[in-house]
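Letters A, B, ... are given to chains in the order of the sequence lines, protein chains preceding strands, and every chain is numbered from 1. Computed from a predicted structure; not experimentally measured.
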Amino acid sequence: MSRSMEKIVALCKRRGFVFQNSEIYGGQNGFWDYGPLGTELKRNVRDSWYHDMVSGHNELLPPSEAPSKYQMVGVETALIMHPQVWKCSGHYDLFHDMMVDCRETRSRFRLDQVRIRWVSCDGKSVKQDKTESDLTRIAVATTEEDFAVDLVVQALRAFGMKKKYADKLQWDGNATRLDLIDLSEFPNVVAPGATKAGTLTDPREFNLMMKTIIGALGTDDDAAYLRPETAQGIFVNFKNVVDSSRVKLPFGICQVGKSFRNEITPRNFTFRSREFEQMEIEFFCRPDASSGWYTYWRDRRYQWYLDLGISKDRLILRDHHADELAHYSVGTADIEYAFPFLDDGEYGELEGIAHRGDFDLRSHMEGKLTKDENGELAPELNEHGQPRHRGSGKDLSYFDDHAKERFVPHVIEPSAGADRATLAFLCEAYHEDQQPDEKGRMQERLVMKFHPRLAPVKAAVFPLIKKEGMPEKAADVFGALKTAGLNCQYDQQGAIGRRYRRQDEIGTPYCITVDGDTLTDGTVTIRDRDTLVQERIPADRVAEEVTSRLNA
RNA sequence: GCGGAUGUAGCUCAGUGGUAGAGCACCACGUUGCCAACGUGGCUGUCGAGGGUUCGACUCCCUUCAUCCGCUCCA
């Protein structure tokens with residue numbers, strides 16, 4: 001990890017932005033906790049998103065660049081959904097298999113796809129991994145379709161024999177499958193391509209979704225999954241929202257909430273976590289208008305990060321190539337940030353904007369879809385010709401009153417990571433600069449230049465000294481700021497310069513100081529974090545001044 | 001998942017087979033009074049966790065957890 005990233009991680013811990021989850025017990029890989037300041041920061045990120053996308057959206061006026069006016073509403077759906085949701089969405093089939101890894105060849109196999117057969121050869125032996133003992137009776141393994149042939153190849157290779165001696169192999173029983181033998185026999189198995197026996201790990205269930213059990217006496221039949229994305233909660237409620245809220249196409253349904261994925265390698269601080277928060281919009285529109293909306297949302301979402309202070313130098317909008325697109329998508333773009341833990345020229349994804357067509361709604365109507373021989377989406381069938389995963393059977397189409405036609409809307413999905421955005425804002429804010437101390441010598445200053453909307457603490461109030469009535473006056477100013485609903489800090493501890501630096505380090509945009517003049521003329525100073533410029537303003541107008549600067 | 005490195009105070013790090021130290025930070029008092037001041041005093045650790053060897057382990061061994069790096073993975 002780069003030096004600058006290490007400094008950011010250290011600051012996050014020192015000042016209470018982000019802590020490792022369950023740290024006193026040694027931590028949990030892939031989980032993070034937000035401390036007091038991180039909680040404020042992330043809430044501000046979330047609130048800014050919700051305000052800018054949903055609650056502050058004026059449905060009577062189309063924003064510039066938008067194809068037309070549109071409506072936006074929010075939902076908040078449960079973390080656990082009916083298991084069939086994940087079967088139809090395609091998440092269930094992706095990984096839910098027992099897997100084994102080979103330590104030697106670093107390859108991974110599905111347990112039920114490995115064929116094995118016991119064999120020995122005139123007392124010839126194969127070394128066993130770890131114990132280094134000589135085994136004369138081993139089980140060779142293959143994943144080849146033509147397993148009978150390859151088992152011979154594997155056996156000859158394991159014993160170091162030439163092809164012409166194949167008849168010397170003494171087979172013991174017929175070929176079987178790795179999932180049908182006892183775990184205690186694994187030390188005798190020579191994995192495909194391996195030179196030693198016993199290099200396979202214990203079989204493990206490999207599932208991207210976190211499993212849980214519903215019901216106090218639950219068995220595996222009651223298995224459910226924590227949602228791996230918030231989007232499905234929106235799709236399955238599409239009909240409910242349409243029927244209950246008088247929305248008309250085009251409109252968006254939004255949701256902010258936690259999702260869970262068993263990441264294989266959680267890494268890079270909070271960037272890839274197993275529990276994370278998403279901010280998603282599913283924007284429904286007429287199929288013939290979808291391409292215009294895709295472009296609108298892609299550009300709108302990119303601009304959102306710029307408006308909150310991300311530098312254009314570190315933020316890119318990357319359109320996926322056609323061959324990268326999911327089969328149902330006609331266009332996908334990522335908004336990516338040059339995180340300090342990445343090499344130069346590399347970017348990490350903050351948000352994906354996908355054109356998903358009618359894939360999701362149709363999947364929940366008809367069952368899990370796949371591309372048929374004509375390239376058209378159709379329900380995936382099982383061996384009996386029935387849908388492999390049955391949909392709800394409910395009609396999720398939309399009736400357009402103006403056009404007098406019924407169709408399944410197309411969907412544009414801007415899906416953002418709240419934790420990733422928060423991390424990007426943290427990285428972007430981190431600055432070290434030089435400022436003079438009281439003797440005029442240049443000193444290193446650590447300052448978090450958060451956008452004022454995102455700053456966890458909006459203002460700090462100091463009495464210049466701890467006497468002559470200044471603390472009391474400062475307490476009044478502090479109270480007025482709190483009454484105005486601003487998260488503020490009061491500090492009378494230590495020298496004034498040190499107090500300014502403490503606030504710089506947590507990114508407080510404004511510091512208010514009560515001094516000797518306050519007691520005579522009723523003014524205080526307000527100091528700007530970035531410019532260090534101080535202005536005198538009336539003490540009784542502080543809340544008003546700070547509020548107006550925050551909204552500037 | 002595989003391999004390597006690391007883990008001691010809030011932070012950065014010393015340290016030795018005989019039950020722990022520095023600087024910074026933090027707190028109190030005094031002095032100063034607008035950009036990390038000075039003086040005096042004070043607080044802080046189950047030395048990542050568990051087990052083993054030993055009369056005795058922070059130190060040696062094993063296991064485990066976490067972090068970082070490389071490979072792999074990234075649905």
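Checking B:rG33, B:rA66, B:rC35 against every side-chain atom of A:Asn29, the shortest atom distance belongs to B:rA66. Distance from the side chain of A:Leu464 is smallest for B:rC34 among the nucleotides B:rA75, B:rC34, B:rA37.
Of the C1' atoms belonging to B:rG7 and B:rG18, the separation is 24 Å, rounded to the nearest Å. As rounded to the nearest Å, B:rU8 and B:rG48 have C1' atoms that lie 10 Å from one another. Across B:rA28 and B:rG17, the matching P atoms stand 41 Å from one another, rounded to whole Å. Nucleotides B:rA49 and B:rA20 have their P atoms positioned 15 Å apart, rounded to a whole Å. As rounded to the nearest Å, B:rU59 and B:rG15 have C1' atoms that lie 10 Å from one another. Annotation: B:rC68 and B:rA22 have their C1' atoms spaced 26 Å apart (nearest Å). Comparing B:rA37 with B:rA25, their P atoms are spaced 8 Å from each other, to the whole Å. Comparing B:rC38 with B:rG4, their P atoms are spaced 48 Å from each other, to the whole Å.
Residue A:Arg445 places no side-chain atom within donor-acceptor reach of the base of B:rC35, judged by atom type and a 3.5 Å distance cut-off alone. One donor-acceptor pair, N or O on each side, does fall under 3.5 Å between the base of B:rC74 and the side chain of A:Arg272. If you check distances only, the side chain of A:Gln493 never reaches the base of B:rC26 with a donor-acceptor pair under 3.5 Å.
The phosphate of B:rC26 has OP1 or OP2 within less than 4.0 Å of a side-chain N or O from A:Arg498. Close to B:rG10, at under 4.0 Å from its OP1 or OP2, lies no side-chain N or O of A:Lys13.
Atom CG of A:Asp517 and atom P of B:rG33 are 15 Å apart (whole Å). Spacing between atom CD of A:Gln28 and atom C1' of B:rC65 amounts to 9 Å, rounded to whole angstrom units. One atom, CG of A:Leu11, and another, P of B:rU12, lie 12 Å apart when rounded to the nearest Å.
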Worked check of side-chain hydrogen bond (donor to acceptor under 3.5 Å, both in side chains) between A:Asp515 and A:Thr518 = CA-CA 5 Å; A:Asp515 59 17; A:Thr518 310; 3.2 Å; yes
Step by step, work out the ring-ring contact (aromatic ring centres under 6.0 Å, His included) result for A:Phe341 and A:Phe271.
-> CA-CA 10 Å; A:Phe341 51 76; A:Phe271 183 76; 5.6 Å; yes
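A:Tyr305 and A:Phe425 have parallel rings, their planes meeting at less than 30° on a 0 to 90° scale where 60° marks the start of perpendicular.
Counting non-hydrogen atoms under 4.0 angstrom, A:Lys7 reaches nothing in the nucleic acid.
Sorted by first and then second residue, the side chain to side chain donor-acceptor pair (under 3.5 Å) pairs involving residues 454-479 of chain A (not counting sequence neighbours) form an empty list.
Using a cut-off of 4.0 Å between Lys/Arg side-chain N and Asp/Glu carboxylate O, A:Arg549 and A:Glu545 are scored as salt-bridged. Salt bridge annotation for A:Arg498-A:Asp491: absent, with no cationic side-chain nitrogen under 4.0 angstrom from a carboxylate oxygen.
Secondary-structure annotation of RNA chain B gives the stems B:1-7 with B:65-71, B:10-13 with B:21-24, B:26-30 with B:38-42, B:48-52 with B:60-64, with a stem taken as at least 3 successive Watson-Crick or G-U pairs whose two distances both fall under 3.5 Å.
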